[in-house]
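What follows is one structure encoded as structure tokens, with my remarks underneath.
The analysis underlying the following values was restricted to heavy atoms, covering all of them including side chains, and did not include hydrogens, waters or symmetry mates. As the structure lists them, so they are numbered: ligands from 1, and atoms in each ligand from 1. Starting from 1, each residue takes its place in the sequence as its number.
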Amino acid sequence: MYAQMVRSDAASVRSIEEMEPRERAFQQRIDEGQKIEPKDWMPEGYRRTLIRQISQHAHSEIVGQLPEGNWITRAPTLERKAILLAKVQDEAGHGLYLYCAAETLGISRDEMYDQLHSGRAKYSSIFNYPTLSWADIGCIGWLVDGAAIMNQVPLQRCSYGPYARAMVRICKEESFHQRQGYDILVTMCRKGSDQQRAMVQNALDRWWWPSLMMFGPPDTDSVHSAQSMAWKIKQNSNDELRQKFVDETVPQAKYLGLVIPDPELAWNEERGAHDFGEPDWNEFLAVLNGNGPCNRERLGARRAAWADGAWYREGLMAHAHKRVAGVAAE
Ligand code: FAQ
């Protein structure tokens, strides 16, 4: 059902025999584990796939500042406020490294912003959910950054050099983010009141399923996975990473004394992994189509920030032109 509703850039994966010589040589470099760099020849589909994924990833980091930014003024202590500020600033930095990586593929930053502001580009579904309590900030660090790391660690080995290198630094910072979120929850669950524990359980109930959706549609409906894996842009399928995330997160929830809101969750001795229920893919589709709880608010905030910053960008440009004119006149 899903594949019929999304536009796919990727043609079906071609065998090495079906490729023209240039493409075959390119695929062989990938198979040998060599990195592809911006000036190397690359198939148009490889370039398009990377621009799509990296720009969507960059937009996610930028839009991803909004749900947590909502709590900076309401953090419970000065220390928590300083930590949250630093985390949200890190996300801005991640967005900027990623926009730079995408620019090396021949797309301009203005084009990428335009795609975001016009609603043509996607960003992660997770950032279309509201942050209702301080426990949500803990859950974002624990689950959302936790899922982001699970997905991004393999991206450090991505075949495209600039993306892989950006991911090394991003992953280091994401691990700090994950720990700060878990630390909030350890404090609330193990040292807090019954009311605080209930607040955390409520946040987990709301963030669990959207976190599983971050990994993308099931493999059977993932239109890009096969080609992206052949190009070693992706190293693992969506379902593989989702499974790994569940297996790592279940014991962490137990330590906090929380119940994961999935009646089908059970350890499967034979598989050596957890069985778990199916996320509501209709909800996922609704969010992707702009109808999640906060889609309009998030996009509205980004558009407003862009419009409000126009005078500043114009000022910077005027200053730069003056300096160039001054140098030319000397
Ligand atoms: N949300 O064929 P697939 C973060 C789209 S960063 C929205 O499986 P693919 C840090 C997909 O784009 C989080 N759209 O696609 C942080 C495609 O649409 P298109 C972001 C989704 O690319 C933490 C279509 O569905 N991370 O959290 C989603 O092979 C805390 C078909 O799907 C990245 O972007 C979704 N969840 O696999 C910041 C990592 N899932 O383009 C602040 C890099 C799928 O055809 C606070 N990206 N779609 O129109 C990836 O690894 C991949 O792109 C996937 C999707 C795994 C997300």
Which one holds for [X] and ligand 1: side chain close, backbone close, both close, or neither close, with close meaning a heavy atom under 4.0 Å?
X      : value
Lys87  : side chain
Val287 : neither
Phe215 : backbone
Leu241 : neither
Tyr123 : backbone
Gln65  : neither
Gln53  : side chain
Lys234 : side chain
Ser125 : both
Ile126 : neither

Could you go through the side chain to side chain donor-acceptor pair (under 3.5 Å) check for His177 and Glu174 one step at a time? CA-CA 5 Å; His177 297 170; Glu174 298 290 19; 3.0 Å; yes

Which class fits the ring pair Tyr99 and Tyr113: parallel under 30°, tilted 30 to 60°, perpendicular over 60°?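 Rings of Tyr99 and Tyr113: perpendicular, over 60°.
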
Relative to the heavy atoms of [X], which atoms of ligand 1 are at a distance of less than 4.0 Å?
X      : value
Val223 : 2 (O), 31 (C)
Glu61  : 6 (S), 10 (C), 16 (C), 38 (C)
Asn238 : 8 (O), 56 (C)
Gly216 : 40 (N), 44 (C)
Gly64  : 42 (C), 46 (C)
Met214 : 27 (O), 36 (N)
Lys122 : 5 (C), 14 (N), 18 (O), 19 (P), 49 (O)
Ala148 : 4 (C), 27 (O)

For ligand 1, is there an N or O atom under 3.5 Å from any N or O atom of [X]?
X      : value
Phe284 : no
His224 : yes
Tyr163 : no
Gln56  : yes
Val144 : no
Ser222 : yes
Arg52  : yes
Glu91  : no

Do the side chain of [X] and the main chain of [Y] share a donor and acceptor less than 3.5 angstrom apart?
X      : Y      : result
Trp71  : Thr131 : yes
Gln65  : Ile62  : yes
Arg157 : Ile233 : no
Arg80  : Ala75  : no
Trp209 : Arg206 : no
Asn202 : Ala198 : no

Would you call [X] and [Y] a salt bridge, using N to O less than 4.0 angstrom?
X      : Y      : result
Glu37  : Arg165 : yes
Lys244 : Asp247 : no
Lys87  : Asp90  : no

Passes side chain to side chain contact (heavy atoms under 4.5 Å, CB included), Gln156 versus Tyr163? Steps please. CA-CA 8 Å; Gln156 294 177 103; Tyr163 192 25; over 6 Å; no

Give every donor-acceptor pair under 3.5 Å between a side-chain atom in residues 19-26 and any protein atom, sequence neighbours left out.
from	atom 1	to	atom 2	distance (Å)
Glu23	OE1	Arg14	NH2	2.4
Glu23	OE2	Arg14	NH2	2.8
Arg24	NE	Ile16	O	3.1
Arg24	NH2	Met19	O	2.9

Cation-pi check, Arg298 to Tyr129: give yes when NZ or CZ is under 6.0 Å from the six-membered ring centre and within 45° of the ring axis, no otherwise. no

Does atom CH2 of Trp41 have more than 12 heavy-atom neighbours from other groups under 6.0 Å away? yes

So does Arg323 have more than 12 non-hydrogen atoms from other groups sitting under 6.0 Å from CZ? no

List the atom pairs, with distances to 0.1 Å, where a side-chain N or O of residues 29-36 and a protein N or O form a donor-acceptor pair under 3.5 Å, not counting sequence neighbours.
from	atom 1	to	atom 2	distance (Å)
Arg29	NE	Gln34	OE1	3.0
Arg29	NH1	Asp40	OD2	3.4
Arg29	NH2	Lys35	O	3.1
Arg29	NH2	Asp40	OD2	3.2
Asp31	OD1	Gln27	NE2	3.0
Glu32	OE1	Gln34	NE2	2.9
Lys35	NZ	Cys158	O	3.0

Could a heavy atom of [X] be found less than 4.0 Å from some atom of ligand 1?
X      : answer
His94  : no
Glu68  : yes
Glu174 : yes

With respect to atom 39 (C) of ligand 1, which of Ile140, Asn151, Val63 exhibits the smallest heavy-atom separation?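 Going through Ile140, Asn151, Val63 one by one, Asn151 has the nearest heavy atom to atom 39 (C) of ligand 1.
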
